[in-house]
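Quantities reported herein were computed from a predicted structural model and do not represent experimental measurements. Every chain is numbered from 1 and lettered A, B, ... according to where its sequence line falls, protein lines coming before strand lines.
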Amino acid sequence: MICSDIQQNPDRLAREFYQQEVLTIAPLLLGKPLVRRLDDGTLLRLTINEVEAYRGEEDLACHARFGRTARNSVMYQQGGVVYMYLIYGMYWMLNVVTGSHDFPEAILIRGAGAYNGPGKLAKALALDKSFYGEDLATSERLWIEDAPTVGYYKTTPRIGIGYAAKEWRDIHWRFTL
DNA sequence: AAGGTGATACCA
DNA sequence: GGTATCACCTTG
């Protein structure tokens, strides 16, 4: 009998978890293990320690602020899938889509384990465009496991969004351990 | 303080 | 088609 990861990893976060509101989920991800299985079978397990929330077309820092495009269309799917995009020609960003169908929101994973900075993290985990749309609830190569909710965390403004209007630049939607 | 690097999303 | 714009990281 072939066992799936779902059976081997009962602690994997289920789809229902990701369908909550993005600002509910963002702090809950802190302290949870991000797990990547490489092609050779190696398991990398890193504790998430920094995330940012992006929510809706009215959020002028969010990639969906101009509406739906080919790049951001996965943000409009129901929560639990992955949004990947390339920035500055070099770095892949790992984002977790949250919420319900047709409402664009996602969480950027900015740090996990010893890796600070989303570019370094994605590189360390060998993540690229092939993970666009990956289903975290069923994927054999990328998922997040449950862990106790952390008691304390810090909130600050989001990074690298100088193009957004002040009210969106200043909002504390970055969560760090 | 500045440059590398390329997909995306506009404009024409 | 051309081109401006980046949720970054490294080097000096």
Give me the residues of residues 153-177 of chain A where at least one heavy atom lies under 4.0 Å from an atom of DNA chain B, by number, or none.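 The stretch gives none, as no residue of it lies under 4.0 Å from the strand.
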Could you list the donor-acceptor pairs under 3.5 angstrom formed between side-chain atoms of residues 100-109 of chain A and any protein atom two or more places apart in sequence or on another chain?
unit_1 : atom_1 : unit_2 : atom_2 : d
A/E105 : OE2    : A/V22  : N      : 3.1
A/E105 : OE2    : A/T98  : OG1    : 3.0
A/E105 : OE2    : A/G99  : N      : 3.3

With sequence neighbours excluded, residues passing side-chain contact (heavy atoms from CB on, under 4.5 Å) with [X]:
X: A/P27; value: A/Y153, A/F175
X: A/D170; value: A/K166
X: A/D40; value: A/L38, A/T42
X: A/K154; value: A/T156, A/T176

Please find the earliest and latest nucleotides of DNA chain C, in the 5' to 3' direction, that have an atom within less than 4.0 Å of any heavy atom of chain A.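 So the outermost contacting nucleotides come out as C/dC6 to C/dT10.
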Are [X] and [Y] packed together at the side-chain level, in the sense that at least one heavy-atom pair is separated by less than 4.5 angstrom?
X: A/T149; Y: A/K32; value: yes
X: A/I144; Y: A/R12; value: no
X: A/L28; Y: A/F17; value: yes

Sort and list the pairs that fulfil salt bridge (Lys or Arg N to Asp or Glu O under 4.0 Å) and have at least one residue in residues 112-129 of chain A, not counting sequence neighbours.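 As it turns out, there is no salt bridge (Lys or Arg N to Asp or Glu O under 4.0 Å) pair with a partner in residues 112-129 of chain A once direct neighbours are skipped.
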Dot-bracket notation for DNA chain B, counting Watson-Crick and G-U pairs under 3.5 Å, with | for partners on another strand: ||||.||||||.
Output the distance between atom CG (A/N72) and atom CG (A/N95), rounded to the nearest 0.5 Å.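 Between A/N72 CG and A/N95 CG, I get 11.0 Å after rounding to 0.5 Å.
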Could you give the distance from CG (A/L34) to CD1 (A/I48), rounded to the nearest 0.5 Å?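 With rounding to 0.5 Å, CG (A/L34) is 5.0 Å from CD1 (A/I48).
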Let me know the distance between CE of A/M75 and P of B/dA9, rounded to the nearest Å.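 In whole Å, B/dA9 P and A/M75 CE are 12 Å from each other.
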Side-chain atoms of residues 58-65 of chain A: list all donor-acceptor pairs with protein atoms under 3.5 Å, sequence neighbours left out, distances to 0.1 Å.
unit_1 : atom_1 : unit_2 : atom_2 : d
A/D59  : OD1    : A/A61  : N      : 3.0
A/D59  : OD1    : A/R158 : NH2    : 3.1
A/D59  : OD2    : A/R55  : N      : 3.0
A/D59  : OD2    : A/R158 : NH1    : 2.8
A/H63  : ND1    : A/Y83  : OH     : 2.8
A/R65  : NH1    : A/C62  : O      : 3.0

For nucleotides 2-8 of chain B, which of its nitrogen or oxygen atoms have a protein nitrogen or oxygen under 3.5 Å away, and what is each distance?
unit_1 : atom_1 : unit_2 : atom_2 : d
B/dT5  : O2     : A/Y88  : O      : 2.5
B/dG6  : N2     : A/G89  : N      : 3.4
B/dG6  : N3     : A/G89  : N      : 3.4
B/dT8  : OP1    : A/K129 : NZ     : 2.8

Partner residues of A/R169 under the salt bridge (charged side-chain N to carboxylate O under 4.0 Å, His left out) criterion, sequence neighbours left out: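 For A/R169 there are no salt bridge (charged side-chain N to carboxylate O under 4.0 Å, His left out) partners, ignoring immediate neighbours.
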Assign C/dA7 to syn or anti; the rule is syn for a glycosidic angle within 90° of 0 and anti otherwise.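 Nucleotide C/dA7 adopts syn.
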